[in-house]
Amino acid sequence: MTSAALAASWTPGQVDTVISSGAPGEVFEPRHTTHGFRYVSVQGLREDLEAVDITGCLVRTDLPRIGTFSCSNERLNKLHDIVEWSFLGNSCEVPTDCPQREKAGWTGDWQLFVPTAAYLYDVTGFSRKWLRDVRADQWENGVIANISPTPGPAVTSADFMGFTNGSAGWGDAVVMVPWELYLATGDASVLAENWGAMQGWLDFVRTSAESHRHASRAAANPAPAPHEQFLWDTGFHFGEWMEPDGPEPDLFAARTADHGIVATAYYRHTTDLMARIATVLGRHGEAAALAELSANIRNAWETEYLDSSGHVTHASQANCVRALAFHLVSPEHRATVTAQLTSLIRDAGTHLGTGFLATPYLLPVLAGNGALGLAYELLMQDTGPSWLAMVDRGATTVWELWEGIDAGGNPHQSLNHYSKGAVVSFLHRYTAGLRQAPGSAGWERIIIEPRPGAGLTSAATSHRGPRGLVEVAWTLKDGAPDDGGLTLTATIPAGTTAEVLLPGAPPAVVGPGTHTFVAATGGDNAQPELMRSTL
């Protein structure tokens with residue numbers, strides 16, 4: 001087969017043509033490209049190759065590991081492994097979406113995954129360098145490019161980028177990524193160096209919201225309602241993107257689609273984060289104005305997209321998840337929206353129905369709103385769409401589509417996209433139970449609250465933050481909290497305070513050291529007992 005014919009037969013186009021000189025010990029190793037792959041096809045040799053004749057070299061940015069996780073379920077451990085491997089294959093100089101096809105620094109992908117990555121690896125310098133690219137690519141009107149570094153029209157058509165740039169959830173990365181880096185490190189300089197770009201992005205979004213109305217809304221009501229000035233419902237948006245069993249994405253139809261329910265949610269979330277960022281930076285007047293704007297957007301979202309009974313009008317799992325995760329609904333409506341989300345999940349046969357944007361928030365939203373059991377059911381679901389379907393079908397990296405390899409064994413789209421792997425943060429924060437306390441940055445204050453489920457009998461996690469190593473490990477006697485109790489060991493570094501919350505036990509606040517807790521329940525009517533030793 002000629003090299004041209006071979007290239008045509010492989011749609012990813014990852015074909016190396018090598019002409020050997022025949023010298024003994026000759027080695028071929030490309031220096032100016034990388035390939036994301038699982039299998040290698042070598043053709044045209046006179047003798048068969050042995051496995052030892054080819055060595056795969058991992059090429060990535062050297063990111064120190066700072067986080068770990070393991071539990072008693074090997075399938076979940078495997079899921080965690082493939083998520084990490086998917087990320088590492090996409091960490092070559094910039095955070096890319098996939099290492100084999102586009103190799104592009106999509107802003108939406110990184111804002112989704114950076115909280116997970118920052119727990120497992122030191123991605124601070126890596127991300128700050130990338131944010132310089134984001135700022136360099138920002139347009140004069142404040143638009144944030146969907147891909148940074150922007151490859152240019154020779155790679156991605158100028159027309160395509162011209163109408164898609166500035167999508168909600170993608171452009172918001174200029175706010176969301178610095179905020180996550182600040183939370184991870186406590187270093188506010190990353191906020192200061194991106195503040196101007198954040199303001200430019202918000203100015204673009206605010207101008208779009210205040211100056212334009214979606215054509216369908218204007219046709220229905222020529223005179224805008226007062227709340228509509230806070231709705232961002234025009235321009236191109238990817239929307240939820242890649243929902244399972246949804247219609248095939250049509251980017252050109254999306255030019256005129258109304259994604260206001262998604263875009264306005266991000267408008268609210270970005271202004272809320274910028275109000276907090278302004279406070280951290282000592283910009284208190286701006287913080288107050290941003291908080292007021294955020295409240296107005298939240299009220300507008302609820303007015304437009306919540307009916308009189310408290311249900312989300314554009315009923316989808318993703319929209320319900322965002323309503324809860326971004327605090328778009330009033331406290332009195334949270335239970336109603338949670339019940340609506342639960343019903344949608346059950347109607348899907350206890351399968352998830354979220355796409356790109358909402359998936360990282362799905363399980364935390366359920367666990368945080370009284371549906372921990374359902375969160376674990378989704379986590380352990382092994383028929384598609386699900387995370388464990390990937391594991392059971394032999395995935396070694398996370399798929400772009402939920403059905404990246406379908407039940408018949410047929411591949412679809414990219415088989416290495418880390419974004420859906422953000423689910424492993426649920427394992428860190430809920431299963432193992434380690435998270436930062438609200439209002440903390442740099443792991444100064446933490447909460448340790450294991451939330452066992454799905455028959456797990458043990459879990460452990462660690463994270464090396466700026467104050468040192470935090471370690472948490474727990475085991476269940478006989479496999480359930482009410483069968484004898486939970487034993488937890490936690491190591492807290494200097495300068496850190498931990499609040500320990502165990503099932504059936506009063507809260508305990510501890511400082512540096514290694515602490516062991518036993519929450520014992522005894523019989524059905526016994527009062528909880530908490531024993532603690534400190535080393």
Review point. So, for Leu352 and Ser386, which heavy atoms are closest and what is the spacing to 0.1 Å?
Key: CD2-CA, 4.5 Å
Practice item. On the 0 to 90° scale, with breaks at 30° and 60°, tag the Tyr361-Phe326 ring pair as parallel, tilted or perpendicular. Key: perpendicular
Point to revise | All side-chain hydrogen bond (donor to acceptor under 3.5 Å, both in side chains) counterparts of Thr68, not counting sequence neighbours | key: Ser462
Point to revise | Residues in side chain to side chain contact (heavy atoms under 4.5 Å, CB included) contact with Glu26, at least two apart in sequence or another chain | key: Ser20, Ser21
Exercise for review: Check whether more than 12 heavy atoms from other residues, nucleotides or ligands sit under 6.0 Å from atom CG of Asn410, and answer yes or no.
Suggested key: yes
Point to revise | Heavy-atom neighbours of Ile54 CD1 exceed 12 at 6.0 Å | key: yes
Review point. Between the side chain of Asp137 and the main-chain N/O of Thr150, is any donor-acceptor distance below 3.5 Å?
Key: yes
Point to revise | side chain to side chain contact (heavy atoms under 4.5 Å, CB included) partners of Asn194, counting only residues at least two apart | key: Leu131, Arg135, Pro178, Val190, Met198
Review point. Between Glu400 and Lys420, is there a salt bridge with N-O shorter than 4.0 Å?
Key: no
**Study point:** By salt bridge (Lys or Arg N to Asp or Glu O under 4.0 Å) - contacts of Arg429 (at least two apart)
**Key:** none
Check your understanding: Parallel, tilted or perpendicular: which fits the ring planes of Phe356 and His417, with parallel below 30° and perpendicular above 60°?
Key -> perpendicular
Review point. Taking atom types as modelled, is there a side-chain donor on Thr264 or Arg268 under 3.5 Å from an acceptor on the other?
Key: no
Check your understanding: Just by modelled atom types, is the Gly169 backbone N or O under 3.5 Å from a matching donor or acceptor in the Asp172 side chain?
Key -> yes
Exercise for review: May I ask you to check whether Phe236 and Trp170 place their ring centers less than 6.0 Å from one another?
Suggested key: no
Practice item. Could you tell me whether the side chain of Trp301 and the main chain of Ile261 form a donor-acceptor pair under 3.5 Å? Key: yes
Practice item. Could you pull out all residues at least two apart from Glu140 that satisfy side chain to side chain contact (heavy atoms under 4.5 Å, CB included)? Key: none
Exercise for review: Using modelled atom types only, decide if a donor and an acceptor are shared between the side chain of Arg451 and the backbone of Thr431 within a distance under 3.5 Å.
Suggested key: no
Check your understanding: Would you call Asp122-Arg65 a salt bridge at under 4.0 Å N-O?
Key -> no
Review point. Is there a donor-acceptor contact under 3.5 Å from the side chain of His237 to the main chain of Ala168?
Key: yes
Exercise for review: Please check if the distance between the ring centroids of Phe426 and Phe69 is under 6.0 Å.
Suggested key: no
Study note, to complete from the structure: Tightest non-hydrogen contact, residues His428 and Tyr119, listed as ND1-CD2, 3.4 Å
Check your understanding: Only one of Asp272, Thr270, Leu273 forms a side-chain contact (heavy atoms from CB on, under 4.5 Å) with Ser294, so which one is it?
Key -> Asp272
Point to revise | Partner set under ring pair (Phe, Tyr, Trp, His ring centres under 6.0 Å) for Trp402, not counting sequence neighbours | key: Trp387
Review point. Considering residues, nucleotides and ligands other than Arg206, do more than 12 of their heavy atoms fall under 6.0 Å from its CZ?
Key: no
Check your understanding: What residues form a side-chain hydrogen bond (donor to acceptor under 3.5 Å, both in side chains) with His214, not counting sequence neighbours?
Key -> Ser216
Exercise for review: Kindly write out the residues that satisfy side chain to side chain contact (heavy atoms under 4.5 Å, CB included) with Thr397, not counting sequence neighbours, or none if the list is empty.
Suggested key: Trp85, Ser86, Asn416
Check your understanding: With distance as the sole test, does Asp187 use its side chain to make a donor-acceptor pair with the main-chain N or O of Tyr182 at under 3.5 Å?
Key -> no
Check your understanding: Between Trp130 and Ser148, which heavy-atom pair has the shortest distance, and what is it?
Key -> NE1-O, 2.7 Å
Practice item. Indicate yes or no: does Lys103 engage Asp97 in a salt bridge with an N to O separation below 4.0 Å. Key: no
Exercise for review: Over all heavy atoms of both residues, which pair between Pro149 and Ile147 is shortest? Give the atoms and the distance, please.
Suggested key: O-CG2, 3.6 Å
Practice item. Please lay out, stage by stage, how Arg132 and Glu193 fare under the test salt bridge (Lys or Arg N to Asp or Glu O under 4.0 Å). Key: CA-CA 9 Å; Arg132 288 199 295 270; Glu193 67 193 22; 6.0 Å; no
Point to revise | Glu471: salt bridge (Lys or Arg N to Asp or Glu O under 4.0 Å) partners, not counting sequence neighbours | key: none
Check your understanding: Regarding Thr234 and Ser208, is there a side-chain donor-to-acceptor distance under 3.5 Å anywhere?
Key -> no
Check your understanding: Under the salt bridge (Lys or Arg N to Asp or Glu O under 4.0 Å) test, which residues partner Arg60, sequence neighbours left out?
Key -> none
**Study point:** With sequence neighbours excluded, residues passing salt bridge (Lys or Arg N to Asp or Glu O under 4.0 Å) with Asp233
**Key:** Arg217
Point to revise | Smallest separation among heavy atoms of Val398 and Tyr418, with atom names | key: CB-CA, 4.2 Å
Practice item. Mind jotting down which residue pairs meet the side chain to side chain donor-acceptor pair (under 3.5 Å) criterion with at least one end in residues 49-59? Sequence neighbours excluded, please. Key: none
